Amino acid sequence: MKKIPALITALVMSLSAVTPFCAMADPEEDYLPIMYLSVEDNEKISVMPDGTVYINSEDLTGDDSIRVNIYIRDDSKSCWTIAPKVKCENSYIKFNEEAVENETTAYASRHEFISTINTDYNTVNITFKTPLMETGTKLEVESENTDDYPIAYFNASVDSEIPAGNYRIYFLTEPEDEPDQRFTQISFRYDDGHSETFIPEVKEQKIVVSDRKLGDVNKDGLIDATDATLVLMEYSALSTGKESTFDVAQKNASDVDMDELINAVDATHILSYYAYLSTSADEGRLDFAGYLKSIQNE
């Protein structure tokens, strides 16, 4: 009978040797990590300085997709389970593939990665956690920050018939489609040995769609002083209590700084970009999003 406790002790010691306990301090009370999304630039979309995606639907050809990265920022480095559940409530942006673990992650320790997709609810579900035999052990972080790399990514197809409008890809924080639907959670392991599961802070991914280039308010194929004038006229009308004369496509093309307001700042940005276009060579010319990023970094 003495052999059984000895075997258990040996097993525990061997697991400890393979998965050293992370010596980070416990998180402060009320601390929450943040989960957020980012979309990678491609030739069909523009990613604005604030991360908003701008899509000109006339650039779409029917087989277009965007790559969505999933990040977690946990400065306490106390997670042992990370379980994001991501949804888009509009079928013009469709999840058709399961998520894939990113080639490089900040978490260097052994872990399990599970992904499922529900095409009826348009959700992608991920579980990223320590292995079953090591449940409760903190995920070991090799990088300086847990969001130096995404933990996973997935592709979302964009219908070429998508109407002008405002869309979002977001983390489920409560059941929305049926009572037992899974939602985004994380689990922490504390130094005293106990674990706790809760909902992290989350940030959604905004997607703005128009039927014209950003800044091309009158859809004449140019971004120039005429567009800036139209924006100023709209701003003046709204400032005096008059109704907007812009449709959704015009509004989305006018709000070039993505602050959900149409005002003199947008007109100034359009004039500034017009001046840039007038003095720069075609080769290597930045699109509007790239230009705004460049002046923001000056």
Side-chain angles (χ1 to χ4, degrees), residues 3-28 31-38 67-87 95 97-118 121 123-155 171-175 180-202:
K3 290 183 179 180
I4 295 177
L7 288 171
I8 294 174
T9 301
L11 178 61
V12 171
M13 290 180 67
S14 65
L15 287 175
S16 299
V18 173
T19 57
F21 188 78
C22 183
M24 294 297 296
D26 284 346
E28 296 181 2
Y31 164 78
L32 287 174
I34 300 172
M35 279 191 196
Y36 63 94
L37 305 166
S38 76
R67 171 169 161 165
V68 184
N69 295 312
I70 302 175
Y71 290 86
I72 179 167
R73 176 75 184 209
D74 173 28
D75 293 333
S76 76
K77 301 180 180 177
S78 298
C79 290
W80 70 269
T81 298
I82 304 167
K85 316 301 177 190
V86 183
K87 179 177 175 66
F95 303 161
E97 302 175 5
E98 294 178 2
V100 177
E101 183 176 358
N102 197 53
E103 293 81 0
T104 305
T105 69
Y107 295 95
S109 56
R110 293 190 303 161
H111 56 268
E112 296 175 355
F113 181 89
I114 304 167
S115 176
T116 60
I117 185 171
N118 188 311
Y121 300 146
T123 59
V124 169
N125 310 298
I126 297 168
T127 302
F128 185 102
K129 68 183 186 68
T130 55
L132 181 62
M133 289 293 291
E134 302 159 24
T135 296
T137 303
K138 295 180 184 180
L139 288 162
E140 183 182 352
V141 182
E142 186 175 67
S143 298
E144 181 178 354
N145 304 301
T146 59
D147 62 345
D148 285 341
Y149 308 96
I151 61 170
Y153 63 89
F154 62 92
N155 292 315
F171 293 98
L172 279 167
T173 55
E174 61 182 6
D180 296 325
Q181 185 174 43
R182 293 177 292 173
F183 51 89
T184 299
Q185 293 180 312
I186 61 168
S187 295
F188 272 179
R189 179 74 169 182
Y190 296 92
D191 290 344
D192 64 5
H194 84 281
S195 295
E196 186 175 359
T197 299
F198 47 88
I199 301 171
E201 290 187 26
V202 294

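Fair warning: this is a prediction, and the values are worked out from it, not measured in the lab. The figures here come from the full heavy-atom set of this structure, side chains too, leaving out hydrogens, waters and symmetry mates.
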Trainee: Which value, rounded to the nearest 0.5 Å, describes the distance between I151 atom CD1 and I82 atom CD1?
Mentor: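 Going from the CD1 atom of I151 to the CD1 atom of I82 covers 5.0 Å.
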
Trainee: Search all heavy atoms of M35 against all heavy atoms of I186 and return the closest pair with its distance.
Mentor: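 Result for this residue pair: CE-CG2, 3.4 Å.
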
Trainee: Around atom CD of E144, are there more than 12 heavy atoms from other residues, nucleotides or ligands closer than 6.0 Å?
Mentor: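 Check fails, neighbour count at 12 or below.
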
Trainee: Mind checking side chain to side chain contact (heavy atoms under 4.5 Å, CB included) for E142 and listing every partner two or more places apart, or none if nothing turns up?
Mentor: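 With neighbours one apart ignored, the set is A108.
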
Trainee: Do you know the tightest heavy-atom contact between F183 and P175?
Mentor: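 Looks like CD2-CD, 3.6 Å.
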
Trainee: Mind checking side-chain hydrogen bond (donor to acceptor under 3.5 Å, both in side chains) for N125 and listing every partner two or more places apart, or none if nothing turns up?
Mentor: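 Partners of N125 under the side-chain hydrogen bond (donor to acceptor under 3.5 Å, both in side chains) test: T116.
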
Trainee: Please report the closest heavy-atom contact between R189 and K138, naming both atoms and the distance.
Mentor: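 In terms of heavy atoms, the two residues are closest at O-CE, 2.7 Å.
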
Trainee: Would a 4.5 Å heavy-atom cut-off, applied to side chains only, mark V86 and I70 as touching?
Mentor: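 When only atoms from C-beta onward are counted, I70 and V86 do touch, with a gap below 4.5 Å.
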
Trainee: Of all the heavy-atom pairs spanning T173 and V202, show the shortest one and how long it is.
Mentor: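 Closest pair (atom of T173, atom of V202, distance): CG2-CG2, 3.9 Å.
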
Trainee: Mind checking what makes ring-ring contact (aromatic ring centres under 6.0 Å, His included) contact with Y107, not counting sequence neighbours?
Mentor: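 By the ring-ring contact (aromatic ring centres under 6.0 Å, His included) rule, Y107 matches F128.
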
Trainee: Got a sec, which residues hit ring-ring contact (aromatic ring centres under 6.0 Å, His included) with F95, two or more places apart in sequence or on another chain?
Mentor: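 F154.
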
Trainee: Between N155 and R67, is any pair of side-chain heavy atoms under 4.5 Å apart?
Mentor: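 Touching, per the 4.5 Å side-chain cut-off.
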
Trainee: Sequence neighbours left out, what passes side-chain hydrogen bond (donor to acceptor under 3.5 Å, both in side chains) with Y31? Give chain and number order.
Mentor: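 Once residues adjacent in sequence are excluded, the partners of Y31 under the side-chain hydrogen bond (donor to acceptor under 3.5 Å, both in side chains) criterion are D74.
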
Trainee: Is there side-chain contact between C79 and I72, with at least one heavy-atom pair below 4.5 Å?
Mentor: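 C79 reaches I72 side chain to side chain.
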
Trainee: Under the salt bridge (Lys or Arg N to Asp or Glu O under 4.0 Å) test, which residues partner R73, sequence neighbours left out?
Mentor: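 Here the qualifying residues are D75, D147.
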
Trainee: Indicate yes or no for a side-chain donor-acceptor contact from K85 to the backbone of T123 under 3.5 Å, with no hydrogens or angles considered.
Mentor: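 No, because the side chain of K85 does not come within donor-acceptor range (under 3.5 Å) of the backbone of T123.
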
Trainee: In Å and rounded to the nearest 0.5 Å, what is the CZ to CD distance from R110 to E140?
Mentor: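 Rounded to the nearest 0.5 Å, the CZ-CD separation comes out at 11.5 Å.
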
Trainee: Minimum heavy-atom separation for N145 and A106, please, with both atom names.
Mentor: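 Heavy atoms of N145 and A106 come nearest at O-CB, 3.5 Å.
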
Trainee: Testing the basics here: between Y149 and T104, what is the closest heavy-atom pair and its distance to 0.1 Å?
Mentor: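 Taking Y149 first and T104 second, the nearest heavy atoms are CB-O, 3.2 Å.
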
Trainee: For T197, give me all partners under side-chain hydrogen bond (donor to acceptor under 3.5 Å, both in side chains), at least two apart in sequence or on another chain.
Mentor: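 Listed in chain order: S187.
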
Trainee: If the condition is side chain to side chain contact (heavy atoms under 4.5 Å, CB included), which residues does D192 pass it with, not counting sequence neighbours?
Mentor: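 Here the qualifying residues are Y190, H194.
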
Trainee: Is there a side-chain contact (heavy atoms from CB on, under 4.5 Å) between L37 and F171? Walk through the geometry before answering.
Mentor: CA-CA 9 Å; L37 305 166; F171 293 98; 3.5 Å; yes

Trainee: Partners of Y153 by ring-ring contact (aromatic ring centres under 6.0 Å, His included), sequence neighbours excluded?
Mentor: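 With sequence neighbours excluded, Y153 shows a ring-ring contact (aromatic ring centres under 6.0 Å, His included) to no residue whatsoever.
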
Trainee: Could you pull out all residues at least two apart from S115 that satisfy side chain to side chain contact (heavy atoms under 4.5 Å, CB included)?
Mentor: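 Expected list: E98, A99, F113, V124, I126.
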
Trainee: With sequence neighbours excluded, what pairs up with F188 under the ring-ring contact (aromatic ring centres under 6.0 Å, His included) test?
Mentor: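 Applying ring-ring contact (aromatic ring centres under 6.0 Å, His included) to F188 gives F198.
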
Trainee: Return the set of residues passing side chain to side chain contact (heavy atoms under 4.5 Å, CB included) with K129 (not counting sequence neighbours), or none when no residue passes.
Mentor: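 K129: side chain to side chain contact (heavy atoms under 4.5 Å, CB included) contacts with T81, E112, T127.
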
